[in-house]
Every structure is written in structure tokens, then in C-alpha cells.
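Working notes, beginning with the structure itself.
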There are 2 protein chains.
Amino acid sequence: MADDTRERLLRAATEVFAEKGYAAATVREICTRADANVALINYYFGDKLALYEQVLRDVVAADPARAPGLLGASPEEGLRVIIGTMLEKASEARGNSSLRYRLMMHEFSHPSEGTVRMLEITMRPVYDKLRTLVSAISGLPATHDHVRLCVHSLLGQVAHFAHSGPIMEALWPEMKLTAEQRKMVAEHIAGSMLVYLRETSPAAHL
Amino acid sequence: MADDTRERLLRAATEVFAEKGYAAATVREICTRADANVALINYYFGDKLALYEQVLRDVVAADPARAPGLLGASPEEGLRVIIGTMLEKASEARGNSSLRYRLMMHEFSHPSEGTVRMLEITMRPVYDKLRTLVSAISGLPATHDHVRLCVHSLLGQVAHFAHSGPIMEALWPEMKLTAEQRKMVAEHIAGSMLVYLRETSPAAHL
DNA sequence: TGCGCCATAAAACATCAGTATAAAACAGCC
DNA sequence: GGCTGTTTTATACTGATGTTTTATGGCGCA
């Protein structure tokens, strides 16, 4: 039952971290959900942070930034797909692949002790992928300030729509990120960026 | 010395809340900074939340959303000014007027127990002002989904650039929101939104 | 059977949070 | 000076957190 318990702990930890972020998650809740004793987290992983890193490592075993349907698509379509995927995965309930995005977006809007690890492990690939896409669309090098600004704008917007529950509730109660609304938001974010990139790309100034 | 101590507590609380947000701020740090005893917060204000609300009430006595130079300007200019002001104030060190924005943006990216009060008191005016501006530029009613989406995009981007320190540091170390960079970011956020609004406004489809 | 090891459990521990209390210090006024 | 109410202090309480310790149960194996 040893490995079994370890697995249960990992699974529970993944859920709780994805739901609440690193700081707000408590080892006691994780253990309760895993039907395990509080001491077992330290027994198996050392401490809370090490558990978190293990969760990240496990969950990242999945695709880094290769959303299905992204291969062969135009950069424009790629942008739409990746934004849509992030939003969708960030608001889905569970399912191993979506937890990855929930973790990512949670840490993104609630930076914490574990954030730096998380960033390097899970965010970097997405960030770089987005830069590649924006670079291809705009015709600018991926290191250009303009490209970086656009990518951060995208990430900032996604994080906001996906993870500022209380704010949304207060300012726009109808926005609950239903499947329909998610599509609308994704199209808004990707669409507005594409319009902007088209207008400001060097090609537009011929 | 009574009112004096109360004032010191309020000032210290404003600083600490602005720096760390409601949740991460501790009454002990506030009292230390104010050179006061831990018990005095409860003596003067009741509890931490009441202190926070008092800070909000005080700090909001300033302008709600009337940045200087906003009167009489075109909606487009208004948008640029308000975005620039938010970014600028959010990253300034202190000065009573800037604390307001730091509080706002902090709570915005780290929703907490005090968030709802905060939102209604300080965010709502900015939110409504932005909606008015976007509405005027786009020609759509301020309640339209398109307008709301745009405003949330703006707020999300500002919050991100102003308050996701660890993320920025990891992904874009050179971006430190210096005065120069702030101008660039503000122009990016406002400028891209204006391009988008121009392209999608009903007038563009004649 | 008894030894040893691994997994689990129960409980304790240390720390830090917000809060409460009771006594001390102080101020104003007769 | 001495009373009275207000302000301040030192300290303790309560609860939550991450962590550690100590004990217990099961199981293979000589």
C-alpha cells in the first residue's frame, strides 16, 4: 500500500494546489483528501515545497505547449488555439491535463514561494511558444520588446479572466466563464491581438 | 498623543496594505512601523478588517477617476491618460495619491477577504470610467459585452504589468517598470486597445 | 519465534497569525 | 495631591499552519 498512498497524496496535492495555489493549500487538507496521515507528506516528500515541485514535475510530463491541432496551423490559428486552450483548461474541473493549466494560471495570479520553480517548469514553454507565434505574425524577432509586450498582454488577460473570481463577481456578475463565455473571451483576446498585430506589422506599412 | 497614534497606525497600515495586500499584511508589522503596541489596532479600530476599511475610506477621499488632464480631452486621450496614470501610480513608492492605486491593483491581483469592499469603494469608479470611455470610442453602449471585455482586458493587463513581480523577473528580467518602460507599456496597452476599437467600431464597417 | 524494516498513526511541537485582558502610565481637573 | 477616564504596555489566549517525534502495526525472513 506504500506506493498507493504516495500516489493518492500526489493526486490530492495536485487537485488542491490547482484549486487554491501553493500558499493557500494546506498539507492537512491534502492529507485529508488522500485519506492519509499528516506526517506522510513529510515522510514521502520531505516538505510541502518538495511535494509541490514533484506535482509540477509529474504534471508537466504532458505536452508543454503543443495543444492538439496546433501543428501545421497558421500562426494566427495557433494563437487562437493556444489562448482558447489555456482558458478552457484553466476553468475545467479536473482531468490531468487541465490541472497543469490551473496550476500555471493560479501561480500566475498569486505569486508565491513556489512560483519561480513553477514558472521555469510550466510557464516557460508556453511563453516561448507564444513569442514564436507573435514573432511569426508580426514579422519581428522573438526578442523584440513589441513581441514581449504582446505576449505579456495575452498572459495577463488570460490570467485575469481565468483567475480573478471575486473581481469578476463584483464588477461583472454575469461573467461566469461558461463554455460559451469562454469562447467569447478567447476570441476577444486572440482576435484583438491579431487585429493589433496586423495593423502594426511592418508589412502593413508598405 | 491619542489622535497622533491613530494617525500613525493609519499611515503605516496604508503603506503595508499597499505593499502586501490585505492577506499578507500583518497587524504586527503595521504596529511596528507605527511604533505602537499590537493591541492598539483593536483598541482604535476593532479588528484588522475594520482598519482596512478605514484605510480605504481615507485613501478614497482623493479623486475617484478624475486624473488630471482628463477633463475636456477626447475619449482616446482619456484612455491613454488613465492607463498611464494607473501604471504610474501603481509603481510609485508612496505619496498618498499613489497608495490608492497600489491598493487597488494589489487587491486586483490578489483577491482576499477585503476585496469586495475594496472593489466597491475604489475600483468601481475606475471601472465605470473606463467603460464610459470605451463606450464613447466604440460607439457601443457601456453595458455591451464588447465594452466590458475590453475594459477587463485593460485592467487585467495593467494589473499584470504592475503586480506580477516574480513572473516578470523570471520571464523578462529587463522589464523593471522604470519610468521609461512604464511609458512604453502604457502606450502599448492603450495603443493596442485603440487600434482594436477603431477596427471593430461600427463606424469602421460603413 | 523473534528480529528488523517499512508504512502508518497519534500526538506533540514550534511558529505565527489575530485577538483579548489586565495592569501600568498618563492626562485633566477638583 | 488625588481622583477619573483615557491611552498604552506587557503578556497571554486561541487557532491554524508546517514539521517532528514517538509509538504501533504488519510482514518477510533467519
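When reading the values below, keep in mind they use all heavy atoms of this one structure, side chains included, and skip hydrogens, waters and symmetry mates.
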Tell me if the aromatic rings of A:Y196 and B:Y196 count as close, with their centers under 6.0 Å from one another.
no
N-O pairing of A:R131 and A:D128 below 4.0 Å
yes
Could you state the atom-to-atom distance from CG of A:D35 to P of C:dA7 in whole Å?
18 Å
Give the rounded distance in Å between these two atoms: OH of A:Y52 and P of D:dG18.
14 Å
D:dT8 P sits how many Å from B:F45 CZ, rounded?
11 Å
Check the phosphate of C:dT8 against A:T5, side-chain N and O only, distance under 4.0 Å to OP1 or OP2. Yes or no?
yes
Write down the atom of A:L177, the atom of A:A162, and the distance for their closest heavy-atom approach.
CD1-CA, 3.9 Å
What's the shortest heavy-atom distance between B:I30 and B:L9, and which atoms?
CG2-O, 4.0 Å
Using five pairs at either end of the helix from C:dT1-D:dA30 to C:dC16-D:dG15, determine the angle between the two local helix axes and round it to 10 degrees.
30°
According to a strict under-4.0 Å criterion, is A:T26 in side-chain N/O contact with OP1 or OP2 of D:dA16?
no
To the nearest 0.5 Å, what is the distance between CD1 (A:I137) and CG (A:L79)?
5.0 Å
Is the phosphate of D:dT8, meaning OP1 or OP2, less than 4.0 Å from a side-chain N or O of B:Y43?
no
Between P of D:dT7 and CZ of B:R8, the distance in whole Å
14 Å
What nitrogen or oxygen pairs link the protein and nucleotides 19-27 of chain C at under 3.5 Å?
from, atom 1, to, atom 2, distance (Å)
C:dT19, OP2, B:K48, N, 3.0

Verify the neighbour count for atom CD of A:E180: are there more than 12 heavy atoms of other residues, nucleotides or ligands below 6.0 Å?
no
Looking at every strand, decide which applies to A:A25 at a 4.0 Å heavy-atom threshold: base, sugar-phosphate, or nothing.
sugar-phosphate
Whole angstrom value for the distance that separates C1' of D:dT21 from CG of A:L40
14 Å
Quick one: are A:H152 and B:H188 in side-chain contact, heavy atoms under 4.5 Å?
no
Between A:E15 and A:R11, is there a salt bridge with N-O shorter than 4.0 Å?
no
May I have the step-by-step check of salt bridge (Lys or Arg N to Asp or Glu O under 4.0 Å) for A:E29 and A:R33, ending in yes or no?
CA-CA 6 Å; A:E29 171 164 9; A:R33 261 200 231 193; 3.0 Å; yes
